[in-house]
Amino acid sequence: MMIFSNSELTLPFSNNFQVTGGSSGIGKCIAIECYKQGAFITLIARDENKLLQTKKEIEKYCVNDKQVVLCISVDVSKDYEQVENVLKQAQEKLGPVDMLVNCAGTSVTGKFEDIEVNSFERLMAVNYLGSVYPSRAVIATMKERRMGRIVFVSSQAGQLGLFGYTAYSPTKFALRGLAEALQMEVKPYNVYVTVAYPPDTDTPGFAEESKTKPLETKLISETSSVCQAEQVARVIVKDAVVVCMGIFRIVGLFYLGSFDSIVRRCMMQREKSESADKTE
């Protein structure tokens, strides 16, 4: 297995992590991995009972008596103002977010014409807007502090469209576009964005998805092994670097340096202008 990231540096380990989709699967394993290293954790998911159960499980890995696991029950894909308010409350309790990990997600498989139309809307809401809203809620503080990282958990189906994933793959492709555009905006503020592209992973969501996979999708999945969530979480936390980008990605990176220079120059000019306005 190798994944996963388009990030260009490793973030020093931080103190305050928020993890959406943190009550199960990869999200829960990421929270455990961070907690083992002394972090404060905010778990964000819809099911309050599962959150409390996961909180007890994570607390077994405590390394010092100051650590806290905070639970927030909210649907991160529905109401931005509600998401913003609850994340703000969490920061008031534990301090500013050093890293936000967007793990909330779901999947539907099937042939394009067999998938209910509302499933396309639901998956875009959960998998895409469910990452947009929490990121939007924390980005201003990260820019003000000149530090932070946002992680988007995409999928290998977010790099390559596959049979049976016409509702799912586009939502994961969207995360890459969001991440790359956002990175260009926030890089001058020392805020970094990572995209993880995990393969098939042994999680409750994967088990549920497998029940309805078309035969072709099952056969494609069987060409590679299923990874353990703990293994995937360790790689994401370590911020592994992608080793194969493809020719178009390489060409894009050729221009990326000049684009970053334009953004940085505009930022400096804007700050200089704002400073001048304040002195007048």
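For the single chain, residues carry numbers from 1 onward in sequence order.
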Problem set entry | Closest non-hydrogen atom pair between Glu209 and Tyr165, with its separation | OE2-OH, 2.5 Å
For this session: Search all heavy atoms of Gln91 against all heavy atoms of Ala137 and return the closest pair with its distance.
Result: NE2-O, 4.4 Å
For this session: Could you tell me whether Glu57 and Lys60 have a side-chain N and a carboxylate O separated by less than 4.0 Å?
Result: no
Problem set entry | Charged N-O contact under 4.0 Å between Arg176 and Glu180 | yes
Seminar exercise, completed: In terms of heavy-atom contacts, Leu100 and Met142 come closest through N-CE, 4.1 Å
Seminar exercise, completed: From the list Thr109, Asn127, Ile115, side chain to side chain contact (heavy atoms under 4.5 Å, CB included) with Tyr168 holds only for Asn127
For this session: Please answer whether the main-chain N or O of Val63 pairs with a side-chain N or O of Gln67 as donor and acceptor at a distance below 3.5 Å.
Result: yes
Exercise. Is Gln53 atom CD crowded by more than 12 heavy atoms from other residues, nucleotides or ligands, each under 6.0 Å away?
Worked result: no
For this session: Verify whether one side chain among Asn102 and Ser135 offers a donor that lies under 3.5 Å from an acceptor in the other.
Result: yes
Exercise. What do you reckon, is NZ of Lys36 surrounded by more than 12 foreign heavy atoms closer than 6.0 Å?
Worked result: yes
For this session: State whether the number of non-hydrogen atoms from other residues, nucleotides or ligands found under 6.0 Å of Glu48 atom CD is greater than 12.
Result: no
Problem set entry | Ile44 side chain reached by Pro134 side chain, heavy atoms, under 4.5 Å | no
Exercise. Got a salt bridge between Lys55 and Glu59, using NZ or NE/NH1/NH2 to carboxylate O under 4.0 Å?
Worked result: yes
